[in-house]
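Here is the naming used below: chain letters follow the sequence lines, and residue numbers restart at 1 for every chain.
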Amino acid sequence: MRILAGTCALAAFALSGLSAVADPADDTLVVNGEIQMITHTDKAPDYIDGLSEQYSGWHFREADTRVMQADDFDNPGMLGVEAATEVWNAVDGSEGKACASCHEAPESMAGVRTQMPSFNEAKGEMYTMEMYINECRAERMGAEAWDWDSSDMVNMTALISSVSRGMPMNVAVDGPAQSYWEKGKEMYYTRYGQLELACSNCHEDNYGNFIRADHLSQGQINGFPVYRLKDAKLSSIHNRFKGCIRDTRGETFKPGSPELIALELYVASRGNGLSVEGPSVRN
Amino acid sequence: MKRQIVLGLALSALAAPAMGATAPSAVSFAEGAVAGSLTGTAGNPEEGMKVISDRGLGNCVACHVISAMPDVAFQGNVGPTLDGAADRWSEQQLRGIVADAKKTFDGTIMPSFYKNEGYIRPGDAFTGKAAEGELAPLLTAQQIEDVVAYLLTLKE
């Protein structure tokens, strides 16, 4: 049994004395026998203070859940990818265009997910993938924008993520991104709600530990959208953030709000270097 | 997605403090400890056991292992085991820890169970909506006393 590295885990070990410290599973992920996934690194980026190593949430799930992600035929999230592939090719809106009209095959999006969210120069603000998609729909296709958590939207983000699988996350944190990053960082360490818990309390100080039945991961977002077995559907990043803040007995932020966009950038940067896994499988 | 996944601390049904109970803001801590009973009524260890194990109440086992409760599934390990807690802490210290652990352990992750102000974006229980009006503490004064009475049985 390996000792989970990271000062936080060691401190927890010292405090808990006899409590078992559960390791992230010592396992490697290769999807479809060909896509090598970086699910663990020995070193987080220098600008992340609280983490030494990085782990994908995949390491903290049970073996049967981990296996589901290794083959597209077993990964229920791939049904969303298939559905989005049809939409990709379907004409919609007043301009008579499909995504395919301008972007050709979905594979043209390879690498896009690694950079999301990114600063949209033309708009002068930080854009998540959902926002880029809706910009194209509303302004280039003359089609209706999709709701953040609609199945069309989450499926499309799954399709666009899937063609970057294996590539390392690499969001920019400097230049125009910096002020968003600072804001997201501040949120990450803010103790919200009546339980007064920050993201860091669970995902930095206690990853590897159990909170009741839940094996705490680092709360990375390289696997999004994730197919959650308990909901039997794909879930967006903002939906997960909202759920975690609600669990602090806190007042949540809305998906698509400036707060969650900033938090997304910061959390994405904590995973810079881990492979894009979306759509991944979690419980 | 509508159920809370982690800490099932529901608002105690009866928000109004029992007659004669010390209000959360009036509790005085001396180096983390609280000297006298919050209610004047002796704690009931059996009730305390329920509060500790019930997801909808204290749900202390979300973070603590208590070997004396083998039937309670999925005890977490974010905090230290509570086995032998009564050997390490006095009644007054335990009352202080349960009422507001931050007074004993600076900056601890352990929630403050007898406190009702000073929060950032408090919600209306686990709905995700903003809390309205005055908040009730996570546990009632009597529940704190019941929990302390149970903890005092944890000797090795």
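Taking a cutoff of 4.0 Å between a charged side-chain nitrogen and a carboxylate oxygen, B/Lys115 and A/Glu196 qualify as a salt bridge.
Residues A/Asn206 and B/Asn77 have side chains not in contact (no heavy-atom distance under 4.5 Å, counting atoms from C-beta outward). B/Gln75 places none of its side-chain heavy atoms less than 4.5 Å from the side chain of A/Phe210. Side-chain contact between A/Arg212 and B/Val61 is present, with at least one heavy-atom pair separated by less than 4.5 Å. No side-chain heavy atom of A/Asn201 sits under 4.5 Å from any side-chain heavy atom of B/Val78.
In this structure, A/Arg249 is not positioned above the aromatic face of B/Tyr119 in the sense of NZ or CZ being under 6.0 Å from the six-membered ring centre and within 45° of the axis.
Put simply, the side chain of B/Arg121 gets close to the backbone of A/Thr252: a donor and an acceptor are under 3.5 Å apart. A/Gln194 places a side-chain N or O within 3.5 Å of a backbone atom of B/Ala136 that can act as its donor or acceptor partner.
No more than 12 heavy atoms of other residues, nucleotides or ligands sit less than 6.0 Å from atom CD of A/Glu186.
Below 4.5 Å, heavy atoms of chain A meet heavy atoms from B/Lys102, B/Gly107, B/Thr108, B/Ile109, all part of residues 88-109 of chain B.
Taken to the nearest 0.5 Å, the CZ atom of B/Phe74 stands 14.5 Å off from the CD1 atom of A/Ile211.
At a 4.5 Å heavy-atom cutoff, B/Ala131 makes no contact with chain A through either its backbone or its side chain.
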